[in-house]
Each structure stands twice: as structure tokens, then as C-alpha cells.
Amino acid sequence: AFNFPVAVYGWNSSIALVTGNCVLWKGAPTTPLVSVAVTKILTSVLEANNIPGAVCSLVCGGADIGTLMAKDERVNLLSFTGSTPVGQKVSMMVQERFGKFLLE
């Protein structure tokens, strides 16, 4: 289902934004239109409040994009919502670069 990952994105992105960080998210590859719609809503709310919409950005793709995000040292904290086997792989990739992660 697509609703729980979007809820987790909402919780995590709100904390990130309140603490002065930008957010880059990748929704599930099976529900790209939901990810685009949520990003458009967030962008419009941010811009209506004089905050650049780009502080919440979206990338679409599959595991290849997720792997790049997990291995990228510029990503200070990676939050993952998904299956246990994939979460274990994500945690190992982030740990290899001594990064921080949250698994849902």
C-alpha cells in the first residue's frame, strides 16, 4: 500500500524541515504518481509561505536510485520504509560509510 510510506515521509520530512534541513525523497517505484502528487502539494504549501519548494525534492526510480542515495556521503540521514530484507541491505550500505539511518 502507498499510504503508510507517505505518512512516514510526512513525519520525517516535517522534523527535517523544522530543524533547518532539506529533504530528498524517493517514493515506491510502484506508486510514482502518488509521490509526484504529494510533492506538488508540499511545494505549493511551502511556496505559499515564502519557503522555496525545492527544500522538499523528489527523485523517482527503483533500487538503483535507492542504492545511490544509501551510498552517498552527502546524505546525512537516510530513512527507509519497506521490507526487512531490503532494510537490512540499506542499513549495511549506510553503515559502510558511517552514516545514520532510520528503518521503518
So which atom in [X] and which in [Y] form the shortest heavy-atom distance, rounded to 0.1 Å?
{"X": "T19", "Y": "N21", "value": "OG1-ND2, 3.0 Å"}
{"X": "L103", "Y": "S91", "value": "CD1-CB, 4.0 Å"}
{"X": "C60", "Y": "I65", "value": "O-CG1, 4.0 Å"}
{"X": "L102", "Y": "L77", "value": "CD1-CD2, 4.0 Å"}
{"X": "L17", "Y": "C56", "value": "CD1-SG, 3.5 Å"}
{"X": "S35", "Y": "A28", "value": "OG-N, 4.3 Å"}

With heavy-atom distances below 4.5 Å as the criterion, would you say the side chains of [X] and [Y] are in contact?
{"X": "D72", "Y": "V75", "value": "yes"}
{"X": "K89", "Y": "T67", "value": "no"}
{"X": "T39", "Y": "W25", "value": "yes"}
{"X": "M93", "Y": "F101", "value": "no"}
{"X": "V38", "Y": "Y9", "value": "yes"}

- [ ] Mind checking the SG-CG spacing from C22 to N76? Nearest 0.5 Å is all I need.
- [x] 10.5 Å

Task: Candidate list T30, V36, T31, test side chain to side chain contact (heavy atoms under 4.5 Å, CB included), partner V34, passing option - done: T31

Open item on the list: If hydrophobic clusters are built from ILVMFWY residues whose side chains come within less than 4.5 Å, do L46 and V6 share one?
Closed with: yes

- [ ] Please check if L78 and V59 belong to a single hydrophobic cluster, counting links between Ile, Leu, Val, Met, Phe, Trp and Tyr side chain heavy atoms closer than 4.5 Å.
- [x] yes

Open item on the list: For M69, is there any backbone N or O sitting under 3.5 Å from a side-chain donor or acceptor partner on R74?
Closed with: no

